[in-house]
Chemist: 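Below is a structure I'd like to ask you about.
First the proteins, then the strands, lettered A, B, ... as listed; each starts at 1.
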Amino acid sequence: MSNKSLLTLVENLTEIKEMPVFKAGDTVTVTYKIREGTKERLQKYSGVVLQRKGRGSTETFTVRKISNNIGVERIFPIASPFIDEVVVNKRGVVRRARIFYLRELRGKKARIKEKRV
Amino acid sequence: MSGIIGKKIGMTSVYDDSGRNIPVTVIEAGPCVVTQIKTKQSDGYEAIQVAFDEKKDKHTTKALKGHFAKAGVSPKKIVREFTRFEVGHQKKVGETLDASIFIEGEYIDVVGTSKGKGFQGVVRRHGFSGVGDQTHGQHNRLRAPGSIGASSWPSRVFKGMRMAGRMGNSRVKMINLQVIKIDKENNLILVKGSIPGANGSYVIVERWS
């Protein structure tokens with residue numbers, strides 16, 4: 001077998017939870033598990049998706065939000081067992097796949113037009 | 001010691017039971033065949049000779065064809081010798097070795113040929129810091145090695161002085177890499193971290209214990 005097919009063979013072993021389709025510009029809420037000592041609890045993190053990166057089991061997505069006037073970004077691996085649920089709150093209209101320009105924008109300028117379905 | 005010849009497939013990541021993401025390198029380990037047993041009486045030293053990866057008949061020299069025919073195996077691309085193979089091993093010519101000789105969780109060594117970097121300066125090759133200053137009379141010396149020796153004594157440059165030159169493409173051994181997973185069906189072993197060489201290059205995976 002070729003190198004590439006052997007690698008995908010290994011990557012296919014990683015279980016990927018079913019997720020809604022979302023892309024850069026969408027607003028999502030990620031519920032993820034936090035382990036404190038032996039206890040496990042759920043926490044929600046919602047913000048705008050800046051990018052989706054990679055493919056297969058190693059794919060990740062970046063979510064940005066403004067918390068107490070400070071920009072916070074979190075990168076989630078799509079196959080991470082700590083992700084409980086991803087909910088899409090809003091579909092945004094953006095022209096590129098990676099919207100890093102959002103980092104320089106604040107307040108009213110940082111709004112993203114919502115897609116009407 | 002026991003070992004095997006393998007092929008670097010590439011890197012990816014897997015999750016362990018506690019959910020941590022672990023970077024791994026996938027190695028296709030075998031199946032290798034034993035082509036010769038060297039003994040003190042006949043060869044002057046003890047070793048077992050192992051071969052890996054199929055080769056076309058037309059690409060094999062007559063001498064090697066004879067050698068493989070004697071062992072009763074098809075021509076192989078890579079032939080390596082392992083000295084100090086497990087004490088009291090019962091390996092016979094024609095026997096196959098595969099990924100099942102390793103155990104999940106144990107620590108192994110991987111030997112490979114690092115990627116060639118071509119002719120590199122001292123900053124890249126030896127980690128020199130170069131000249132950091134923009135002023136104080138500096139110009140065009142940003143990545144220079146500085147002085148390589150003193151004056152009338154010793155009147156020469158010492159042997160082994162670190163200078164610019166060919167970098168990489170040398171034998172590198174990574175020691176104590178953890179085996180994360182073994183796929184016996186496809187002869188794959190997953191090793192934590194990186195290993196030397198490009199994807200598709202041959203490596204030796206060995207265990208000392």
Chemist: What pairs with A:F100 under ring pair (Phe, Tyr, Trp, His ring centres under 6.0 Å), at least two apart in sequence or on another chain?
Modeler: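 With sequence neighbours excluded, A:F100 shows a ring pair (Phe, Tyr, Trp, His ring centres under 6.0 Å) to no residue whatsoever.
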Chemist: Atom CZ of residue position B:R171 - does it have more than 12 heavy atoms of other residues, nucleotides or ligands inside 6.0 Å?
Modeler: no
Chemist: Given that the side chain runs from C-beta out, which part of B:T25 has a heavy atom under 4.5 Å from chain A: side chain, backbone, both or neither?
Modeler: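 B:T25 has no heavy atom closer than 4.5 Å to chain A.
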Chemist: Around atom CD of A:E15, are there more than 12 heavy atoms of other residues, nucleotides or ligands at under 6.0 Å?
Modeler: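 Open.
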Chemist: For the NZ atom on A:K65, are there more than 12 heavy atoms of other groups (residues, nucleotides or ligands in this structure) within a distance under 6.0 Å?
Modeler: yes
Chemist: Of the non-hydrogen atoms in B:S13 and A:T58, which two are nearest, and what is the gap between them?
Modeler: OG-CG2, 3.5 Å
Chemist: Locate the shortest heavy-atom distance separating B:G19 from A:P81; write the atom from each residue and the value.
Modeler: CA-CG, 3.6 Å
Chemist: Kindly check if the number of other-residue, nucleotide or ligand heavy atoms within 6.0 Å of CG (A:L42) is above 12?
Modeler: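 Yes, CG of A:L42 has more than 12 neighbouring heavy atoms, counting only those of other groups under 6.0 Å.
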Chemist: Take a 6.0 Å sphere around NZ of B:K115 and say whether it holds more than 12 heavy atoms from other residues, nucleotides or ligands.
Modeler: no
Chemist: Please check if the number of heavy atoms outside A:R103 that lie under 6.0 Å from its CZ is greater than 12.
Modeler: yes
Chemist: For chain A, find which of B:L188, B:V24, B:V14, B:N199 contributes the most heavy-atom pairs closer than 4.5 angstrom.
Modeler: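 Looking at each of B:L188, B:V24, B:V14, B:N199 in turn, B:L188 comes out on top.
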Chemist: Hey, what do you get for CG (A:L9) to CG (B:N186), rounding to the nearest 0.5 Å?
Modeler: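 Rounded to the nearest 0.5 Å, the CG-CG separation comes to 5.0 Å.
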Chemist: Does any non-hydrogen side-chain atom of B:V26 lie less than 4.5 Å from one of A:L6?
Modeler: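 Not touching, per the 4.5 Å side-chain cut-off.
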Chemist: Under 4.5 Å from any heavy atom of chain A, what part of B:I9 do you find: side chain, backbone, both or neither?
Modeler: both
Chemist: Can you name the closest pair of heavy atoms from B:M11 and A:L7 and give their distance?
Modeler: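 Nearest pair, atom of B:M11 first, then A:L7: O-CD2, 4.0 Å.
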Chemist: How many angstroms lie between CG in B:N21 and OG1 in A:T14, if you round to the nearest 0.5 Å?
Modeler: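 Rounded to the nearest 0.5 Å, the CG-OG1 separation comes to 8.5 Å.
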Chemist: For A:P77 versus B:Y15, what's the shortest heavy-atom pair and its separation?
Modeler: CB-OH, 3.1 Å
